Structures are given as structure tokens and as C-alpha cells.
Amino acid sequence: MEKITFWVISIIISAICSNSHAQSLTATIVDSATQKPIPYVTVKLNKKGVITNEEGRFSFQLHSNIRETDSLFISCIGYETLGKPINQFKGTTISLAAMAIELNPVIVTNKNYTPEEILEIVGDSILKNYNLGLAKKRVFLRETYTNQILKTDYKLKRSTIKALDKEFIDNFINQIPKNSTVYNESLGDLYGGGDSEEQKLNLIKASELYDKSMELDYDILEEKFNKIIKENVKTDSYFKIKSGLFGTKVDADELFESEVDSTDVAALNKKLDEEKKKKEDRKKFFAKYKRETMGNLYKNLPIYEDTNYNVLFKPGRYNLVLEDFTYLGDAAVYVINFTPKRSEDYQGKLYINSDDFALIRMDFENVKSLRDFSLLGVSINEYLASGKIIFTKGKDKKYHLSYYDIAKGIKAGFNRPVKIIEKNKNVRGRRKQNELFMKVDFVFGNKNRYELVVFDETALSSAQYNSFKENNTVLPTYMPNYNPEFWKGYNVIEPNQAIREFISNTEIIE
């Protein structure tokens with residue numbers, strides 16, 4: 001009997017402990033009719049919000065001050081708002097029902113507005129609807145960098161270094177990874193306003209997810225190449241690298257790092273100091289890059305006059321169509337379609353609250369290449385820039401950025417002759433030692449995606465802003481495979497399937 005009682009008590013204690021460690025609520029939101037996932041849905045709990053990813057998934061951290069009876073509110077344009085206590089949500093799927101569109105009195109009253117008149121009111125209401133001043137924002141940035149080598153044609157015309165023959169170059173090119181993807185994620189507090197130059201950042205945590213085995217492949221190739229060069233090139237040489245009329249000069253000692261004698265204490269200390277400085281410089285560069293990336297996204301919001309998405313401030317340059325009415329919860333929303341009349345770069349949709357005339361969402365995509373340059377065999381084509389921007393009303397009754405998603409695509413080509421000539425500084429007369437001459441035709445493709453999620457925003461005074469001093473010491477934690485525990489305890493946007501399933505070919509132990 002005592003054993004049975006002990007067994008029952010153990011089960012109860014185990015259940016209590018497992019519940020106490022259940023720190024997150026994760027689910028997928030789907031359309032009740034089609035059962036398809038709904039992306040970019042706002043999920044709020046105790047006035048804190050997250051947003052679903054493109055697969056409709058979200059995860060909410062359940063801290064100790066959250067009770068099972070606290071209500072979770074889920075809202076999305078075109079769907080009925082759902083709100084009920086956490087303990088009433090069962091399973092990992094939540095269904096939203098599409099809202100029947102019935103024109104309420106506000107829409108009926110305003111139905112004679114033209115799209116141009118609506119946008120004029122939106123522009124006049126920006127100062128009332130948005131906080132354009134200084135603020136502190138808790139932000140999460142996910143960057144996805146996808147690189148492709150699309151073409152690697154070449155013709156070797158001359159090489160006086162026997163080891164640098166066609167077989168070696170073919171092998172070199174074949175071993176270069178043709179596709180690679182890197183995921184960077186950063187969490188921090190961003191201080192500032194709409195000016196990208198005035199941003200300050202307090203980094204909290206960061207990660208980078210990619211296949212480091214590709215770096216090892218590069219290292220092996222570099223070792224082979226360096227061995228060939230060291231065996232064939234004089235240390236007091238320099239190189240002239242020419243492509244047609246263009247050229248540059250590189251000293252041989254710039255190509256290789258000299259090895260440090262392990263018995264030379266002074267040299268070792270100098271090397272350690274250099275490595276320490278490199279690490280500190282990397283921390284500064286990492287924080288600076290993240291700050292500038294976030295600042296540039298904020299600077300380009302459609303509520304600022306100098307934005308690339310200038311439809312609110314220059315509506316005369318666009319064809320505007322009042323396409324539809326829909327709802328965000330109980331709020332009626334105008335849907336305005338915009339396309340450029342002449343030279344503007346973007347088309348898309350604007351979602352505008354009919355009550356306060358606030359822009360709450362913008363979907364956009366480029367209609368032409370943003371940059372298309374080709375000269376003397378060098379080409380750059382910025383062919384893609386598309387995404388969405390979502391604003392949410394905060395506790396201060398102002399609208400704040402909650403989600404910014406943009407994908408950018410660039411193709412670059414290099415189709416030119418390249419000549420590398422080794423010349424020696426101390427040889428009299430004919431200084432040319434070796435020469436490599438080839439015609440190359442390479443094409444590269446990059447597709448980058450930036451997702452910025454803002455979880456909380458509070459206004460700052462000038463004194464509060466000025467008193468904050470950056471002291472970033474965070475470097476990203478490398479992950480060879482996706483680790484679901486890394487962001488445990490923090491609210492971030494859920495990873496998509498590609499991230500969740502990312503596995504390196506070779507796991508690197510640091």
C-alpha cells in the first residue's frame with residue numbers, strides 16, 4: 001500500500017514539475033475553412049505581443065506572472081478576433097474564422113472618399129497616430145543570406161607557374177560551394193527615432209547558423225594555393241593585377257601571415273594582443289552593422305517623407321484604386337491598391353483604419369530593377385525588393401512598427417580578361433618573373449531577407465536617450481545545427497521550416 005501511495009505521489013509531483021517548466025505556448029494558426037496557415041497574425045498576452053511567421057507559427061514565453069486564466073488575443077486583417085483564456089486552447093493548432101464583410105456606419109459615412117482623399121487624411125494624421133520621436137524598442141532581427149554561384153566559365157590563356165594549370169583551376173572551382181545559406185539572429189534594445197544616424201543599440205544575444213564545413217573547404221583550397229605561391233614566388237616580389245585598363249598592386253608579404261616563433265615571448269605576446277584587438281574590433285563591427293541595419297529599416301518606413309515607399313506623400317505619382325473593405329477585429333479597414341504611373345519603383349496595397357486613418361499595413365514589391373548597371377563586362381542587377389510592413393496600436397494609443405519583412409535580390413557578373421604579373425623589386429632589367437592570364441565569365445546571385453520584429457516600445461526623453469551609452473560585448477554564438485533551446489526564455493519570431501531543419505554537413509566542435 002505504501003509503495004502504491006508513493007507511486008501516486010511521484011506521478012503528481014512529476015506532473016506539477018513538468019507544468020512548472022512548460023515555459024512557452026507554441027501553436028500554428030490556420031484558416032478555419034481551408035486549414036491553411038495564416039502568416040503575420042498578431043498574438044497578444046497581457047498587452048505583450050508576438051507575430052506568426054510565414055508558416056503561421058508562433059511561440060509565446062509563459063513567465064511566472066502569467067496565469068492559465070489570462071486571455072490570449074489573436075487578430076488578423078479579414079478574420080474575426082479570437083480571445084479566450086490560455087487553458088482553453090487545446091492542441092497545437094488554432095483556427096480563425098474569416099469575417100463576413102458588412103459595411104458599418106463609419107464605412108457608409110466615408111464611402112464617398114476617393115483613394116486620394118483617404119491618403120491625404122492619412123498624411124495629415126501621421127503626427128497624431130504615430131510616435132516619430134525618440135523611443136526604446138525591444139527588437140529581434142533575423143537575417144537570411146543565400147548566395148549562389150550561377151556561372152563559372154573561364155579560359156586559361158597563359159600560366160608560367162606549372163602548378164597553376166587548368167587541372168588545378170578546374171579542381172579549385174569545382175570545390176567552391178555553389179550554394180550557401182547563413183542565418184543571423186539578434187535580440188536587443190534599440191534607442192532612437194526615424195533618423196538612421198541617431199540609433200543606439202544594446203545587444204542582448206545573437207546567433208549565427210551556417211555550415212562551417214564550407215569554411216574548412218575554403219581553408220584547404222587556400223592552403224593548397226598558398227603552398228604553390230610560396231614555392232614559386234619570391235618574397236620580395238609584388239603583383240600587378242590587371243583587367244583591361246584597370247589595375248592594382250599587391251606586395252607578396254600581404255598575401256601571407258608570417259609564422260610566430262613559439263620561443264619568442266615578445267612576438268607571441270604581440271600576436272595575442274593583435275588577436276585580442278581583432279576580437280574587440282569584431283564586436284564593435286558586429287554591433288555597428290546590426291545598428292545600421294535596423295536603423296535603415298526604420299528610416300525607410302512609409303510614414304517618413306524621404307522613404308522609398310513614398311505613396312503617402314506623393315500619391316499623384318501612382319494609380320490608386322479603392323479595392324476593398326475588410327476588418328481588423330471590429331475596426332473597418334480600407335484596402336487601397338497602388339501602381340506607379342511612370343517612374344516609381346513599387347506597387348502594392350495599403351491597409352488603412354477607417355476610424356483614425358492610420359496606415360496599419362503595407363505590402364509592396366518592385367515593378368522594375370532598382371539598379372541595372374552594365375559597363376565593360378561588369379554588371380549589377382538589383383532585381384528584387386518585396387515585403388510587408390505592419391503597425392500595431394500600443395498602450396499609448398499610438399501606432400508602432402511591429403513587423404518589417406523585406407527580401408532583396410541581386411545578380412552580379414564579371415566577364416573580363418584578368419592578368420596577374422609577378423615582378424621582383426630587386427631584379428635589375430627585366431623584372432617580370434611569372435604571369436597568369438585568363439578570360440573569366442562569372443555570375444553570382446545573392447538573395448537576402450531581413451525580418452525585424454518589435455515586441456515593445458516606450459517613448460524616451462532627450463535626457464534618457466543621451467544618458468544611454470553603448471557598451472556592446474556580444475558576438476554571435478555559432479550553431480552548426482538549429483538549436484530550439486537557444487532562444488528559450490525570450491520572445492522571438494518562430495523559425496520557418498528551413499531553419500528548423502538546418503543541419504550542417506560536418507558538425508564543428510568549438
Side-chain angles (χ1 to χ4, degrees), residues 40 77-78 101 103 106-133 193-197 295-328 331-373 381-393 398-409:
Y40 318 119
I77 290 175
I101 303 301
L103 298 185
V106 174
I107 289 291
V108 173
T109 302
N110 295 342
K111 66 179 180 180
N112 291 325
Y113 280 133
T114 66
E116 291 78 8
E117 290 171 332
I118 293 172
L119 294 195
E120 183 179 356
I121 300 173
V122 172
D124 292 340
S125 305
I126 284 178
L127 291 177
K128 178 190 73 175
N129 284 326
Y130 303 89
N131 174 30
L132 304 185
D195 186 348
S196 60
E197 301 298 323
N296 286 331
L297 290 175
Y298 258 95
K299 179 184 178 182
N300 214 20
L301 292 178
I303 57 175
Y304 296 114
E305 287 198 45
D306 58 352
T307 177
N308 291 333
Y309 323 120
N310 56 8
V311 62
L312 295 184
F313 298 95
K314 297 178 180 177
R317 299 185 179 184
Y318 296 86
N319 297 306
L320 303 173
V321 177
L322 184 55
E323 185 177 280
D324 199 3
F325 299 107
T326 187
Y327 282 85
L328 176 58
V333 176
Y334 294 112
V335 183
I336 296 177
N337 187 69
F338 66 93
T339 56
K341 288 181 178 178
R342 290 178 293 276
S343 61
E344 298 304 313
D345 297 323
Y346 295 94
Q347 66 181 14
K349 290 184 180 181
L350 305 172
Y351 298 80
I352 296 164
N353 189 316
S354 67
D355 182 33
D356 53 22
F357 289 89
L359 173 67
I360 58 176
R361 174 168 165 171
M362 177 181 185
D363 299 343
F364 61 91
E365 62 180 354
N366 61 308
V367 295
K368 61 182 180 181
S369 293
L370 302 180
R371 186 170 40 145
D372 195 0
F373 169 85
N381 181 11
E382 191 174 346
Y383 67 92
L384 173 66
S386 66
K388 57 184 50 55
I389 299 168
I390 299 174
F391 297 93
T392 304
K393 185 177 283 189
K398 297 268 190 177
Y399 287 89
H400 306 274
L401 175 68
S402 60
Y403 183 67
Y404 196 140
D405 177 21
I406 183 169
K408 295 184 176 182

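These numbers were taken from a predicted model, which means no experiment stands behind them.
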Min side-chain heavy-atom separation N129-N353 under 4.5 Å: no

Do the non-hydrogen side-chain atoms of V321 and T339 ever get within less than 4.5 Å of each other? no

With distance as the sole criterion, is a donor-acceptor pair present between the side chains of D324 and Y351 under 3.5 Å? no

Closest approach of T307 to P302 (non-hydrogen atoms, all atoms of both residues): CG2-CA, 3.9 Å

Working to the nearest 0.5 Å, report the span between OG of S386 and CD of Q347. 10.5 Å

Is it the case that the ring center of Y334 lies less than 6.0 angstrom away from the ring center of Y113? no

Please name the residue in the list I352, I303, D356, L350 that meets the side chain to side chain contact (heavy atoms under 4.5 Å, CB included) test with V122. I352

So which atom in L359 and which in Y130 form the shortest heavy-atom distance, rounded to 0.1 Å? O-OH, 2.5 Å

Going through the distances and angles, do Y399 and F391 end up as a ring-ring contact (aromatic ring centres under 6.0 Å, His included)? CA-CA 6 Å; Y399 287 89; F391 297 93; 7.8 Å; no

If only atom types and distance count, is the side chain of T326 paired as donor or acceptor with the main-chain N or O of I77 below 3.5 Å? no

OH on Y346 to NZ on K368, rounded to 0.5 Å: 10.5 Å

Quick one: does K398's side chain have a donor or acceptor within less than 3.5 Å of a partner on L127's backbone? yes

Would you check if T392 and Y403 make a side-chain contact, meaning some heavy-atom pair closer than 4.5 Å? no

For A385 and N366, the nearest pair of non-hydrogen atoms, with its separation, is N-OD1, 2.9 Å

Verify side chain to side chain contact (heavy atoms under 4.5 Å, CB included) between R317 and S343, making sure each step is shown before the conclusion. CA-CA 8 Å; R317 299 185 179 184; S343 61; 6.0 Å; no

Picking from L301, I390, L297, what satisfies side chain to side chain contact (heavy atoms under 4.5 Å, CB included) with L401? L301

At their closest point, which heavy atom of R361 faces which heavy atom of D363, and how far apart are they? NE-OD1, 3.0 Å

Can you give me the closest heavy-atom contact between L322 and P115, atom names plus distance? N-CG, 3.6 Å

Test salt bridge (charged side-chain N to carboxylate O under 4.0 Å, His left out) applied to R371 - qualifying residues, sequence neighbours left out: E382

Exactly one of V367, N310, N308 should register a side chain to side chain contact (heavy atoms under 4.5 Å, CB included) with E344. Which one does? N310

Interatomic distance, CG@L312 vs OH@Y318, rounded to 0.5 Å, equals 9.5 Å

Write down the atom of K388, the atom of F364, and the distance for their closest heavy-atom approach. N-CE2, 3.6 Å

4.5 Å side-chain heavy-atom contact, V311 and L320: yes

Check: S125 side chain, K128 main-chain N or O, donor-acceptor pair, under 3.5 Å: no

What verdict does the side chain to side chain contact (heavy atoms under 4.5 Å, CB included) test give for F338 and L119, after you've listed the backbone C-alpha separation in whole Å, the side-chain angles of each residue and the deciding distance to 0.1 Å? CA-CA 11 Å; F338 66 93; L119 294 195; over 6 Å; no

